[in-house]
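Okay, so here's the structure we're looking at.
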Amino acid sequence: MTTACSSGGADPSSDETGILSVPLSTHGPSGAEYRLRDAVFEIRSEYDYYDDYAVGGLGPSGNTYTLSSEDDPSASSLSISVERGYYYVRLLPGWHMEKIESGAATAVEANLLSPATQWLYVNARSTSWIEYQFGIGDRALWFNGNLNIDVQVYEDPGQYYGNDDGAGGDSGLGGNGGFAGAPQGAGGA
């Protein structure tokens, strides 16, 4: 496993490399600055169908890199030079979010809203960004919802089974269109 922060990975002067970048800080709609801390990103290259045929199977498959926010705690993003191709980026557990006010950092509760593992394609001679989404505040604020239980009543099997011609029809259940084995007048009819 190769560890890298702002540099490392593939040869950045190659025509077959691009830059994969992960932002670490951002501003919320209120203007407050937030910074991701203790974040470790595992980056894994995947088989590239086109590269396999284009360069005889010498594509980027099999490489794994690790980026850590703590390699440069003041960086606004982390970048690594990689060969062009598909990559999975996974944010490992253990991260936390800080709010920066007047130069001071305060830990805040935050919840990862996007998947921890994401994928992207890195083009040669360009920068590709991966984005994670976080919700600031208590987990219940972001993930709790209401469960409603509904009760429906059907007066004719044709309504339930799709033969809603108004005549009751033959529902394939035998008898007079009622439920097989149900006594006449069952269910308060």
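Heavy-atom basis, side chains included; hydrogens, waters and symmetry copies ignored.
When all heavy atoms of Ala75 and Arg35 are compared, the pair lying nearest together is O-NH1, 2.8 Å. For Trp95 against Leu36, the heavy-atom pair with the smallest separation is CE3-CD1, 3.7 Å. When all heavy atoms of Asp38 and Glu70 are compared, the pair lying nearest together is N-OE2, 2.8 Å. Minimum heavy-atom separation, Phe41 to Ala39: CE1-CB, 3.8 Å. Ser68 and Val40 get closest at one heavy-atom pair: OG-CG2, 4.3 Å. Minimum heavy-atom separation, Ser21 to Ser79: OG-OG, 2.6 Å.
Put simply, the side chain of Ser128 does not reach to within 4.5 Å of the side chain of Leu20, judged on heavy atoms. The closest side-chain heavy-atom distance from Glu33 to Ser25 is below 4.5 Å. Residues Thr64 and Arg44 meet the side-chain proximity criterion, which asks for heavy atoms closer than 4.5 Å. Looking at heavy atoms from C-beta onward, Leu113 lies in side-chain contact with Phe143 at the 4.5 angstrom threshold. Counting heavy atoms from C-beta outward, Val82 and Asn63 have side chains that stay 4.5 Å or more apart. Proximity of Arg37 to Pro73: side-chain heavy atoms (C-beta onward) are separated by under 4.5 Å at one or more points.
No hydrogens or angles considered: nothing links the side chains of Ser69 and Asp71 as a donor-acceptor pair under 3.5 Å.
When hydrophobic clusters are built by joining Ile, Leu, Val, Met, Phe, Trp and Tyr residues whose side-chain heavy atoms come closer than 4.5 Å, directly or via intermediates, Phe134 is grouped together with Val89. Side-chain heavy atoms closer than 4.5 Å link hydrophobic residues (I, L, V, M, F, W, Y) into clusters, and following such links, possibly through other members, connects Leu112 to Ile136. Residue Tyr132 is grouped with residue Val108 when hydrophobic side chains (ILVMFWY) are merged at heavy-atom distances under 4.5 angstrom, including chains of intermediate members. Placement of Leu67 and Leu120 within a single hydrophobic cluster is found when ILVMFWY residues are connected by side-chain heavy-atom separations under 4.5 Å, directly or transitively.
Note that CH2 of Trp142 is 10.0 Å distant from CD of Gln133, once rounded to the nearest 0.5 Å. To the nearest 0.5 angstrom, Ser77 atom OG is 6.5 Å from Leu24 atom CG. Remark: Thr66 OG1 to Ile80 CD1 distance equals 8.5 Å, nearest 0.5 Å. In this structure, Leu78 CG and Ile130 CD1 are separated by 13.0 Å, a value rounded to the nearest 0.5 Å.
Between the Ser102 side chain and the Ala104 main chain, no donor and acceptor come within less than 3.5 Å of each other. Using modelled atom types, no side-chain atom of Asn123 and backbone atom of Arg84 make a donor-acceptor pair closer than 3.5 Å.
Classified by interplanar angle (parallel below 30°, tilted 30° to 60°, perpendicular above 60°), the ring pair Tyr86/Tyr121 is perpendicular. Note: Tyr160 and Tyr154 have perpendicular aromatic rings, judged against thresholds of 30 and 60 degrees for the angle between ring planes.
Taking the charged nitrogens against the carboxylate oxygens, Arg90 and Glu42 do have a contact shorter than 4.0 Å, which makes a salt bridge.
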